[in-house]
Amino acid sequence: MQKQNGLIFAADLKERRKTLNLTRKISDYIDAVKVNYPLVLSTGAEIISDLSDITDVIADFKLADVPHINSRISKIAFNKGASAVICHAFTGEESLKSCTKTASEFDGEVYSVVNMSHPGSEDVMDSSLPKLCEISKKADIDGVIAPGNQPDKIEMIKNKIDTKILSPGIGAQGGKGKKAISAGADYIIVGRSIYDSTDPVKSAKKIRDNIKMYYSN
Ligand code: 3DU
């Protein structure tokens, strides 16, 4: 993923045509589109190939399975045209390594989830944060997912692991792009504040413009 805008579009829609049209229209303002279960289960895995003709695709299946299954799912995503997959770190080093090993066969990337943005994520994930960063480091991941609505956590993670940080939780979940980037995020991930807005193209541009001066390449 080449950094030009610092913005990743979370395409959590259910309609193929709408997703492709919108991604095409905002492609100048984003560096990648992130697909998750709502889109892929509604439209089929081919949507990954279709979107990969427009921009980089991050397959966010939050893989949290035994190594060979993590590897198989990653392989399918990369074969369809994904540039990156997202995996949970809590399943341990071997599961995460199965993703990074598979990614290396495709020149792809792996991002691991070390913390989350929703209320309740602190129940388990906060106390495990140092360990999740350590596991991610050992598995040689390309970056981590960290909560954009909690800049203090971004800073904490940045101090623990020197890697790219992708931060969701911006806009609809209360986070501010500028704050997340200033705290150390390299990219922000935004869904509803783009696709649910009355003018999604204008919103994407505005979100991109708002963070542009805060990030360094
Ligand atoms: O809240 P939004 O509509 O901007 O969507 C956020 C996206 O980021 C969505 O795809 C969700 O699965 C993902 N995500 C989080 O929101 C929070 C996390 O901690 C990890 C991923």
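Predicted model only: the values in this text are computed from it and were never measured. When a ligand or atom number is given, it counts from 1 through the structure's own listing order. Residue numbers count from 1 along this sequence.
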Cationic N near anionic O, under 4.0 Å, [X] to [Y]:
| X | Y | result |
| --- | --- | --- |
| Lys138 | Asp140 | no |
| Asp31 | Lys3 | no |
| Lys164 | Asp142 | no |
| Asp186 | Lys158 | yes |

Distance from atom 11 (C) of ligand 1 to nearest protein heavy atom, with residue and atom: Lys34 NZ, 4.0 Å

- request: For ligand 1, indicate whether the residue Gln173 contacts it via side chain, backbone, both or neither (heavy-atom separation under 4.0 Å).
  value: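 Side chain only; the backbone of Gln173 stays clear of ligand 1.
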
Just which atoms of ligand 1 are under 4.0 Å from any heavy atom in [X]?
| X | answer |
| --- | --- |
| Arg192 | 1 (O), 2 (P), 3 (O), 4 (O) |
| Lys62 | 12 (O), 20 (C), 21 (C) |
| Pro168 | 8 (O), 14 (N), 15 (C), 16 (O), 17 (C), 18 (C), 20 (C), 21 (C) |

- prompt: Heavy-atom distance to atom 19 (O) of ligand 1: which of Ala11, Ser117, Gly191 wins?
  reply: Ser117

Option whose closest heavy atom lies nearest to atom 12 (O) of ligand 1, chosen from Asp12, Ile188, Asn36, Val35: Asn36

task: Would you check if the side chain of Lys137 reaches a backbone N or O of Lys160 as a donor-acceptor pair within less than 3.5 Å?
output: yes

message: Less than 3.5 Å apart, any donor N or O on the side chain of Thr102 or Ser71 sitting next to an acceptor on the other?
response: yes

